[in-house]
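One structure follows; several queries about it will come next.
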Amino acid sequence: MTNDDRLDALAMACQYWVDAMAQDVEQRMGVRKEELMAAELNRLREQASMGFAVITGHQSEKTTNLRW
């Protein structure tokens, strides 16, 4: 029984690595690029919502001071 459990665990680990190695690199790079683009757009959207404070460096109650 113990040997069967070990064999099952080994089979699951092997299947994980087979699936991981079988991924299409170009497709994964495209997905990662989209994730990075979405994160950057969100960052820019947050900065744009700060408006005047980003340009002048003045801080109001609703904004934080950014340093470039």
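This structure is a prediction, so every number in the text was calculated from the model and none was measured.
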- Item | salt bridge (charged side-chain N to carboxylate O under 4.0 Å, His left out) partners for Glu34, two or more places apart |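 Expected list: none.
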- Hey, what else clusters with Met37 if you join Ile, Leu, Val, Met, Phe, Trp, Tyr whenever side-chain heavy atoms sit under 4.5 Å?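 Leu41, which link up through side-chain heavy atoms under 4.5 Å apart, make up the rest of the cluster.
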- Query: Got a sec, which residues hit salt bridge (charged side-chain N to carboxylate O under 4.0 Å, His left out) with Arg28, two or more places apart in sequence or on another chain?
  - Reply: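 Testing Arg28 for salt bridge (charged side-chain N to carboxylate O under 4.0 Å, His left out), a comparison that skips the adjacent residues, returns none.
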- Residues that, via side-chain heavy atoms closer than 4.5 angstrom, fall in one hydrophobic cluster with Val18: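 None, because no other hydrophobic side chain comes under 4.5 Å of this residue.
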- With a cutoff of under 4.5 Å between side-chain heavy atoms, which Ile, Leu, Val, Met, Phe, Trp and Tyr residues group with Met12? none
- Note on the structure: Glu40 meets the salt bridge (charged side-chain N to carboxylate O under 4.0 Å, His left out) criterion, sequence neighbours left out, with Arg43
- Message: Evaluate Asp19 against Gln15 for side-chain hydrogen bond (donor to acceptor under 3.5 Å, both in side chains), listing each step before the verdict.
- Response: CA-CA 6 Å; Asp19 292 343; Gln15 188 61 50; 2.8 Å; yes
